Amino acid sequence: MPGTARHDREMAIQAKKDLSKTTNPVERLRLQCLARGSAGIKGLGRVFRIMDDDNSRTLDFKEFVKGLNDYAMMIDKEEAQEIFRIFDKDGSGTIDFDEFLVTLRPPMSKARKEIIMQAFRKLDKSGDGVITIEDLRGVYNAKHHPKYQNGDWTEDQVFRAFLDNFDSPYDKDGKVTTEEFMNYYAGVSASIDTDVYFIIMMKNAWKL
């Protein structure tokens, strides 16, 4: 599987360890997200998106703090203010949450981003920038899945569970965008030290 449970566990344990050592507020927020596994950062993104009532893709400080609280992030007001200031580059009193999520994502090398995009393009059969159940039919064989084999799930249920790995825990719409795919793998990538190993893992997982 593309993001293994073992990587998730290792990353969560490592993030919790690092959390006790770091004082950088942005790094602390990142580690709190990673401590929830690969989907942690993406989950926070979804919380913000739900709060963005006017679809401005920006958040003011009040919304920002509410989002952190809704997602049960352990951050006090001073820390939240400091993080907000870092992201509010132009001092407008609002932050762009796409920019926020990209900054929160653990940094990845160009080589890692390229292999992630290769996997995305392979899955995105229709080329519309979104992976759906239809896209998966030709690429991912559901018949090997244990739940399909023992009759618990239909093929579509296997596909859906597969997509849910990449989708956010709070808003599973059965579609995976480039951004969600990248955010997911940024989480996985954080637990893998070398580019070489990450690339081999991706190539094996997706037969690239």
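The basis for the numbers below is simple: all heavy atoms, side chains too, and nothing from hydrogens, waters or symmetry mates. Start at 1 with the first residue, then count along the sequence. This one's a predicted model, so the numbers in the text were calculated from it and none came from an experiment.
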- Query: Of all residues at least two apart in sequence or in a different chain, which pass the salt bridge (charged side-chain N to carboxylate O under 4.0 Å, His left out) check with K143?
  - Reply: E155
- Message: Using the salt bridge (charged side-chain N to carboxylate O under 4.0 Å, His left out) criterion, which residues pair with K147? Sequence neighbours excluded.
- Response: none
- Can you check whether Y71 and F48 have ring centres sitting under 6.0 Å from each other?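 When the ring centroids of Y71 and F48 are compared, they turn out to be at least 6.0 Å apart.
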- Message: Please determine whether salt bridge (Lys or Arg N to Asp or Glu O under 4.0 Å) holds for the pair E78 and R85, giving the CA-CA distance in whole Å, both sets of side-chain angles, and the decisive distance to 0.1 Å.
- Response: CA-CA 11 Å; E78 285 70 44; R85 266 201 304 275; over 6 Å; no
Which distance, rounded to the nearest 0.5 Å, do you find between the [atom1] of [X] and the [atom2] of [Y]?
X	Y	atom1	atom2	value
I13	D18	CD1	CG	12.0 Å
I199	N204	CD1	CG	12.0 Å
I86	E82	CD1	CD	5.5 Å
T154	R160	OG1	CZ	11.5 Å

With sequence neighbours excluded, tell me which residues meet side-chain contact (heavy atoms from CB on, under 4.5 Å) with [X].
X	answer
S126	D124, D128, D135
T22	N24, E27, R28, L31
E134	T132, R137
S92	D88, D90, T94

- Message: Could you check whether D70 pairs with K66 (Lys NZ or Arg NE/NH1/NH2 to Asp/Glu carboxylate O, under 4.0 Å)?
- Response: yes
- Do the charged groups of D195 and R112 touch, with an N to O distance under 4.0 Å? yes
- Sequence-distant partners of Q118, side chain to side chain donor-acceptor pair (under 3.5 Å), two or more places apart: none
- Go through the structure and list residues passing side chain to side chain donor-acceptor pair (under 3.5 Å) with Q149, not counting sequence neighbours. none
- Could you check L123 against W206 for side chain to side chain contact (heavy atoms under 4.5 Å, CB included), going step by step and ending with a plain yes or no? CA-CA 9 Å; L123 287 173; W206 296 113; 3.4 Å; yes
Heavy atoms only: give me the nearest [X]-[Y] pair and the separation to one decimal.
X	Y	answer
M202	I116	CE-CA, 3.8 Å
W153	A161	CZ3-CB, 3.4 Å
V47	G67	CG1-O, 3.6 Å
C33	L44	SG-CD2, 3.8 Å
A35	A15	N-CB, 3.7 Å
M108	S189	CG-OG, 3.5 Å

- Message: Can you confirm whether K122 is buried at NZ, in the sense that more than 12 heavy atoms of other residues, nucleotides or ligands lie under 6.0 Å from that atom?
- Response: yes
- Query: With a cut-off of 6.0 Å (strictly less than), are more than 12 heavy atoms of other residues, nucleotides or ligands near NZ of K89?
  - Reply: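 Correct, the count exceeds 12.
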Are [X] and [Y] connected, step by step, through hydrophobic side chains (Ile, Leu, Val, Met, Phe, Trp, Tyr) whose heavy atoms are closer than 4.5 Å?
X	Y	value
F120	L208	yes
Y185	V196	no
I75	L19	no
L29	M74	no

Residues two or more places apart in sequence or in another chain: which of them pass ring pair (Phe, Tyr, Trp, His ring centres under 6.0 Å) with [X]?
X	result
F198	none
F159	none
Y148	none

- Mutual orientation of the aromatic rings belonging to F64 and F100 [parallel < 30°, tilted 30-60°, perpendicular > 60°]: perpendicular
- Task: Please go through V130's hydrophobic cluster and name the other residues, only I, L, V, M, F, W, Y counting, with side-chain heavy atoms under 4.5 Å joining them.
- Result: none
- Query: Do Q157 and H145 have side-chain heavy atoms sitting under 4.5 Å apart?
  - Reply: no
- Query: Is there side-chain contact between R57 and D96, with at least one heavy-atom pair below 4.5 Å?
  - Reply: no
- Task: Would you please test Q32 and K16 for side chain to side chain contact (heavy atoms under 4.5 Å, CB included) and show each step?
- Result: CA-CA 7 Å; Q32 283 195 48; K16 287 186 182 113; over 6 Å; no
- Give the C-alpha distance, both sets of side-chain angles, the deciding distance and a yes or no for side chain to side chain contact (heavy atoms under 4.5 Å, CB included) between D60 and E63. CA-CA 5 Å; D60 62 24; E63 290 171 321; 3.3 Å; yes
- Please step through side chain to side chain contact (heavy atoms under 4.5 Å, CB included) for the pair T58 and I95, ending with a clear verdict. CA-CA 5 Å; T58 58; I95 57 176; over 6 Å; no
- Message: Any side-chain to backbone donor/acceptor pair from R30 onto L104? Under 3.5 Å, distance only.
- Response: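 Yes, because the side chain of R30 sits within donor-acceptor range (under 3.5 Å) of the backbone of L104.
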